[in-house]
Amino acid sequence: MFYEKDGKLFFERKGETVCLYAQGRNALRVRATMEREFQDTDWALSGAKQTKAKIEIKEDSAKISNGKISASVTRLGQIRFFKDGSPLIEEYYRCYEYEMPHTPSLRILAREFKPIRGGDYETTLRFESRDGEKIFGMGQYQQPYLDLKGCALELAQRNSQISVPFALSSRGYGFLWNNPAVGKVTFGKNVTEWHAESTKQSDYWITADDSPKAIMKNYTDLVGRAPEFPENAMGLWQCKLRYRTQEEVLEVAREYHRRGIPLDVIVIDFFHWTRQGEWKFDEKYWPDPAAMVKELHSYGTRCMVSVWPTVDKKSENFVEMNERGLLIRPERGSQCFDFLGDSMIYDATNPEARRYIWEKCRKNYFESGFDMFWLDEAEPEYSLYDFDNFRYHLGSDLQVGNIYPLCHAQAFYEGQVAAGQKDVCNLLRCAWVGSQKYAAVVWSGDIQGNFETLRDQFAAGLNMGIAGIPWWTTDIGGFFVNVKEEGHRELLLRWFEWAVFCPVLRMHGDKGPSDIPLLDERDFGGGFCHTGLPNELWSYGEDVYEILKKFVELRVQMKPYIRQVMREASENGSPVMRTMFYEFPEDKRCWETDDQYMFGSRYLVAPVLYAGVTKRRVYLPAGKWRDIRNGTEYEGGQEIETAAPVDEIPVFEKL
């Protein structure tokens, strides 16, 4: 049965209710449930207003249109989408009731609701797969594939894995799985399947337009965009595991100042605190943080401080937070995280818990001048990723867990803005759809230091941009690193050269092997944790230092351009790092190219991603291009071979 209500198209059959309506430019939203009514949850589309649609209802079919996109619904419920009247994507059915040229005896429906004992549903949504289609976005996965067609992706947050379920298709549409449930998507050659382990309804949004840039604008119009990136964070960020004392931080900053190297941000890592969940400095090693920040500011350096969501059961805040229901609750056992303590995790989905952690950090950090926060462990990280074992304020982890990092970013962004800060810029290890609107710089997690991992990060950064997260970075050289291994020097240089053309240039990592003794024998406080080897520009020898310094100078020179590119991200949702097809969608070769990219609209970057390589092939799209290293000009529409010695990265400026 079809009917129209409040400008929406409804379809009902066999206990299922499907609702289609216009939301945004050239876009439709589809919701389906087996419940008696829809849940009032908008998730990533919170605040997005319904737009006017054209609805036509016939006896055995219905149609809804919004600009370039339209959808038809058959009498038995199959939905087909069209762009300017041409077929775009359609639901997958293999059933006796459906009149189509496929085997009906399979009895497979597009929208499957499998009841879970006790209530709610495990759901699967299926679409026909199209040969030749390419899929991009979806967040960050530790794999080298830029084109995700053929990939199976877990929809779950883990250390170094980020689920941001927005996919951009080469067929001219963008698809948002508007559901924070743990699940899986398979972009198979034979079928596309979206799966949620536990949910109350199916919810997705689809837009069609003439270019990737237009699709990204439609998408970010609704889910939000990053604010303007602070100019005083566009240069070098210095970090290591870990600066253990106030004096160590100041010594590093003083040395950068003495050498004349601009240092925009220096980062204080974990266990500067007393216990996890106390969110304050250990006074034994950090006697006057406010004075430290004041001196850093005199060098033009901002200071970022690490905040974990973990709360040790021995911490001064645990009893209160536990009594007030501000912690994630395990369904089995009494622990969430066991790294250097027995810890629970604060519940970022609870507004009261968000206010609580911000108030502690405002008093203990912000009032002393710390205006950048490193929100580590933001997935959150569990000792075991038993997603069925945890319950949040908003529901079970299985139903809502993927939204946690967005809520964690929200806690600090809203607190800082309310306190009057204008240049908010925080670092997180995870994200979900819309995290960008909370000034989140997302980094790729605790990764290995090798060329294989570098290639994974290359694909991850580009797909994060397509998923709507423009501020992204990595641990240069990797997090887990043995600097004594043969080849590390080459890896560090290649990684740093590439990072100059990433949204954020950030030195970090647990550089080993290290046998540096602990500062004291207490089982808590600022001396209770190991540290890695030095990780400053001058830590790897004079020859490496001179090369790194040269590239920092290049980054500083590019700040006016970076400001312009960051502004585009704020204005229309364009990534900072852009796949080749994003700037050249009419060039078929650019949809195939997966080892070079555009930094904004002007610079083509071709990093060296393999050990021992000193030259590489580069495809130049139509137009004129100039090699920024030597000024040589090339006519585009061709592939060239260019030199790539270890102290250079091939970069071409579009003229």
Side-chain angles (χ1 to χ4, degrees), residues 83 88 130-138 143-151 166-175 187 207-220 455-470 472 498 501-503 561 565 568-569 572-610 616-628 633-642 644 649-655:
K83 174 186 171 186
L88 191 66
R130 297 300 182 210
D131 291 343
E133 182 179 23
K134 296 181 179 300
I135 300 290
F136 305 90
M138 291 301 299
Q143 59 186 32
Y145 308 113
L146 184 58
D147 176 9
L148 300 173
K149 188 63 178 285
C151 292
F166 175 77
L168 187 148
S169 167
S170 60
R171 289 176 60 83
Y173 68 88
F175 183 98
F187 297 112
T207 183
D209 223 309
D210 294 333
S211 69
K213 188 172 294 187
I215 291 170
M216 287 297 294
K217 183 179 186 305
N218 296 347
Y219 166 56
T220 56
R455 294 192 288 275
D456 291 348
Q457 308 324 297
F458 178 86
L462 291 172
N463 274 324
M464 279 289 280
I466 292 295
I469 311 290
W472 181 85
W498 169 61
F501 297 92
C502 288
Y561 176 73
V565 176
E568 288 182 50
N572 62 29
S574 286
V576 177
M577 301 167 64
R578 303 174 184 176
T579 54
M580 293 299 298
F581 67 77
Y582 193 86
E583 285 298 322
F584 305 96
E586 303 304 320
D587 187 333
K588 184 179 179 181
R589 177 75 180 268
C590 287
W591 289 89
E592 305 284 344
T593 302
D594 60 2
D595 62 352
Q596 61 186 61
Y597 67 100
M598 296 297 295
F599 188 60
S601 60
R602 188 188 307 173
Y603 293 101
L604 188 160
V605 184
V608 173
L609 302 173
Y610 291 84
R616 61 156 294 169
R617 308 289 297 180
V618 179
Y619 174 69
L620 302 175
K624 289 189 176 296
W625 299 86
R626 181 180 67 86
D627 189 328
I628 70 167
E633 294 188 8
Y634 297 89
E635 192 66 40
Q638 64 168 325
E639 184 179 275
I640 65 168
E641 183 173 86
T642 187
I649 180 173
V651 177
F652 299 84
E653 182 180 11
K654 190 175 187 297
L655 301 178

For Glu586, does the CD atom sit with more than 12 other heavy atoms under 6.0 Å from it, leaving out its own atoms?
-> no

Test ring-ring contact (aromatic ring centres under 6.0 Å, His included) applied to Tyr603 - qualifying residues, sequence neighbours left out | Tyr561

Rounding to 0.5 Å, atoms CG (Asn463) and CD1 (Ile135) come to a distance of 10.5 Å

4.5 Å side-chain heavy-atom contact, Glu641 and Arg616 = no

Only counting residues at least two apart or in another chain, list the ones meeting ring-ring contact (aromatic ring centres under 6.0 Å, His included) with Phe581.
-> Phe136, Trp591

Find out whether Met598 and Tyr582 are in side-chain contact, i.e. whether some heavy atom of one side chain is under 4.5 Å from a heavy atom of the other.
-> no

Please step through side chain to side chain contact (heavy atoms under 4.5 Å, CB included) for the pair Met216 and Ser574, ending with a clear verdict.
-> CA-CA 7 Å; Met216 287 297 294; Ser574 286; 5.8 Å; no

Find out whether Phe458 and Pro144 are in side-chain contact, i.e. whether some heavy atom of one side chain is under 4.5 Å from a heavy atom of the other.
-> no

Pick from Lys654, Arg578, Arg602: which one makes a side-chain hydrogen bond (donor to acceptor under 3.5 Å, both in side chains) with Glu583?
-> Arg578

Exercise: identify the closest heavy-atom pair between Ala644 and Pro650 = CB-CG, 3.9 Å

Using modelled atom types only, decide if a donor and an acceptor are shared between the side chain of Arg589 and the backbone of Gly637 within a distance under 3.5 Å.
-> no

Ignoring hydrogens and angles, tell me if any N or O in the side chain of Glu133 forms a donor-acceptor pair with the backbone of Arg171 under 3.5 Å.
-> no

Less than 4.5 Å apart, any side-chain heavy atom of Asp147 and any of Glu592?
-> no

What distance do Lys624 atom NZ and Glu653 atom CD have between them, rounded to the nearest 0.5 Å?
-> 14.0 Å

Under the 3.5 angstrom rule, does the side chain of Tyr219 hit a backbone N or O of Ala467 as a donor-acceptor pair?
-> yes

Indicate yes or no for a side-chain donor-acceptor contact from Lys149 to the backbone of Ser169 under 3.5 Å, with no hydrogens or angles considered.
-> no

Pro621 versus Leu604: any side-chain heavy-atom pair under 4.5 Å?
-> yes

Evaluate the side-chain proximity of Leu148 to Gln143: yes if any heavy-atom separation is below 4.5 Å, no if none is.
-> yes

Is there a side-chain contact between Lys134 and Leu146, using heavy atoms and a 4.5 Å cut-off?
-> no

Ignoring hydrogens and angles, tell me if any N or O in the side chain of Lys83 forms a donor-acceptor pair with the backbone of Asp209 under 3.5 Å.
-> yes

So CH2 of Trp625 and CD of Gln638: to nearest 0.5 Å the spacing works out to 12.0 Å

How long is the span from the CE atom in Met580 to the CD atom in Gln596, to the nearest 0.5 Å?
-> 4.5 Å

When you look at Trp472 and Gln457, which way does the side chain to side chain contact (heavy atoms under 4.5 Å, CB included) test go after all the steps?
-> CA-CA 10 Å; Trp472 181 85; Gln457 308 324 297; 4.1 Å; yes

Ile215 side chain near Phe166 side chain, heavy-atom distance below 4.5 Å = yes

For Phe599, all residues meeting ring-ring contact (aromatic ring centres under 6.0 Å, His included), sequence neighbours excluded = Phe501

